[in-house]
Amino acid sequence: MTQKTDPQEELTVDAVLAISDPGEVDRDQHGVFDRLMINVGNVVAWAFPLLMLAIVSQVVLRGNGFNQAWLDDAQWWIYGFAMLTAFGYAITTSSHVRVDIFHEHYTPEKKARIEVFALGWLLMPFLGIMFDTLFHYAIASIVAGEGSDSPNGLHRLYLLKASLPLLFGVCILAAYAVMIRNLRVIKPVNLCTVIVGMLPMAIFVAWRIVVYVMYWFVYLTNADIKPRRILREPMFEYALWVAIVLLAVLYLVGFIRNRSVQAKG
């Protein structure tokens, strides 16, 4: 005889679980990127006790006349790294703050459409721009061997800055995974629906790939040109259009493939 579970009891358990361990909510729906983000978040969460220890230690030492500049730097390092990781964790677990009076009453399909638009069309392009910008920012910091402004601070600041594009890359994977989960509620997930679901991000990625390919082509085929003048070459004016055409071709390939699969089915 099967024992029925009280729906109110299930609701209570889910509510408690969402607070105590958000990473376990809807675990059966998680993909590889979801679990990656959650596991990274669970490990980095141990940085917060270290942050508390660093703050208390600095307060005690400073109160006794032994100020340690490296502890001040360590606090910012730990806080910045942990909070950026928490950003991706909140995306995956939907544990960020939602201030609205409408969303919770929508149907699952309507919620999914809103999430796909918000993630694929609004959030992911921002994350992509930040990743691309911070990648160059980190390279410049590494080349310069950037350190602390304080003589007694943490002098390998480039290590922290090098982690920024890495963490934004993880956030992109987290946002992509959640978008796919919501897209699956609306329609079958395939190449075409994924491209439409994240169209601005797809255009941006294709454009940057084309720019980088053009850049290295000019750099390797013209030994006399200065790196700063490469992007001024006339060919770069057409980079965005080339990217859009390539993305359209990719969409067409996906469309033809889907029709072929449907015909065989």
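This is a predicted model, so every value here is computed, not measured. Position 1 is the first residue of the sequence, and the numbers go up from there.
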Main chain of [Y], side chain of [X]: is a donor-acceptor contact present, judged purely on distance under 3.5 Å?
{"X": "Asp34", "Y": "Gly31", "result": "yes"}
{"X": "Thr193", "Y": "Pro188", "result": "yes"}
{"X": "Asn64", "Y": "Phe66", "result": "no"}
{"X": "Ser260", "Y": "Ile256", "result": "no"}
{"X": "Asp132", "Y": "Gly128", "result": "no"}
{"X": "Trp77", "Y": "Leu157", "result": "no"}
{"X": "Thr133", "Y": "Met130", "result": "no"}
{"X": "Arg27", "Y": "Arg35", "result": "no"}

Next item on the list: Using the side chain to side chain contact (heavy atoms under 4.5 Å, CB included) rule, take Leu191 and Arg257 through it: C-alpha gap first, then chi angles, then the decisive distance, then the call.
Entry: CA-CA 9 Å; Leu191 181 59; Arg257 183 180 177 182; over 6 Å; no
Counting neighbours of [atom1] on [X] that are heavy atoms of other residues, nucleotides or ligands and sit closer than 6.0 Å, is the number greater than 12?
{"X": "Phe217", "atom1": "CZ", "result": "no"}
{"X": "Tyr212", "atom1": "OH", "result": "yes"}
{"X": "Phe135", "atom1": "CZ", "result": "no"}
{"X": "Phe236", "atom1": "CZ", "result": "yes"}

Decide whether [X] and [Y] are clustered together by the hydrophobic rule: side chain heavy atoms of Ile, Leu, Val, Met, Phe, Trp, Tyr closer than 4.5 Å, transitively.
{"X": "Val245", "Y": "Trp207", "answer": "no"}
{"X": "Leu51", "Y": "Val44", "answer": "no"}
{"X": "Val59", "Y": "Met52", "answer": "no"}
{"X": "Ile78", "Y": "Phe81", "answer": "no"}
{"X": "Val185", "Y": "Val196", "answer": "no"}

Next item on the list: Give the intermediate values and the outcome of side chain to side chain contact (heavy atoms under 4.5 Å, CB included) for residues Val211 and Met214.
Entry: CA-CA 5 Å; Val211 168; Met214 287 181 174; 5.8 Å; no
Heavy atoms only: give me the nearest [X]-[Y] pair and the separation to one decimal.
{"X": "Ala174", "Y": "Thr92", "value": "CB-OG1, 3.3 Å"}
{"X": "Tyr89", "Y": "Gly23", "value": "OH-N, 3.4 Å"}
{"X": "Ser148", "Y": "Gly153", "value": "OG-CA, 3.6 Å"}
{"X": "Met179", "Y": "Gly197", "value": "SD-O, 3.7 Å"}
{"X": "Gln58", "Y": "Gln68", "value": "NE2-O, 2.9 Å"}
{"X": "Met124", "Y": "Ala175", "value": "CG-CB, 3.8 Å"}

Taking atom [atom1] of [X] and atom [atom2] of [Y], what is their separation to the nearest 0.5 Å?
{"X": "Ile195", "Y": "Leu250", "atom1": "CD1", "atom2": "CG", "result": "4.0 Å"}
{"X": "Ser57", "Y": "Leu71", "atom1": "OG", "atom2": "CG", "result": "6.0 Å"}
{"X": "Leu134", "Y": "Leu84", "atom1": "CG", "atom2": "CG", "result": "8.5 Å"}
{"X": "Ile114", "Y": "His103", "atom1": "CD1", "atom2": "NE2", "result": "5.0 Å"}
{"X": "Leu123", "Y": "Met201", "atom1": "CG", "atom2": "CE", "result": "9.5 Å"}
{"X": "Asp149", "Y": "His155", "atom1": "CG", "atom2": "NE2", "result": "10.0 Å"}

Is any side-chain heavy atom of [Y] closer than 4.5 Å to one of [X]?
{"X": "Leu167", "Y": "Phe87", "answer": "no"}
{"X": "Leu154", "Y": "Trp70", "answer": "yes"}
{"X": "Asp72", "Y": "Asn67", "answer": "yes"}
{"X": "Val218", "Y": "Met235", "answer": "yes"}
{"X": "Val210", "Y": "Tyr238", "answer": "no"}
{"X": "Phe117", "Y": "Glu115", "answer": "no"}
{"X": "Asn222", "Y": "Glu233", "answer": "no"}
{"X": "Ile186", "Y": "Arg113", "answer": "yes"}

Note to self: Classify the ring geometry of Tyr219 against Tyr215: parallel below 30°, tilted from 30° to 60°, perpendicular beyond 60°.
What the structure shows: parallel
Next item on the list: Among Lys161, His136, Glu146, Arg156, find the one that has a side-chain hydrogen bond (donor to acceptor under 3.5 Å, both in side chains) with Ser141.
Entry: Glu146
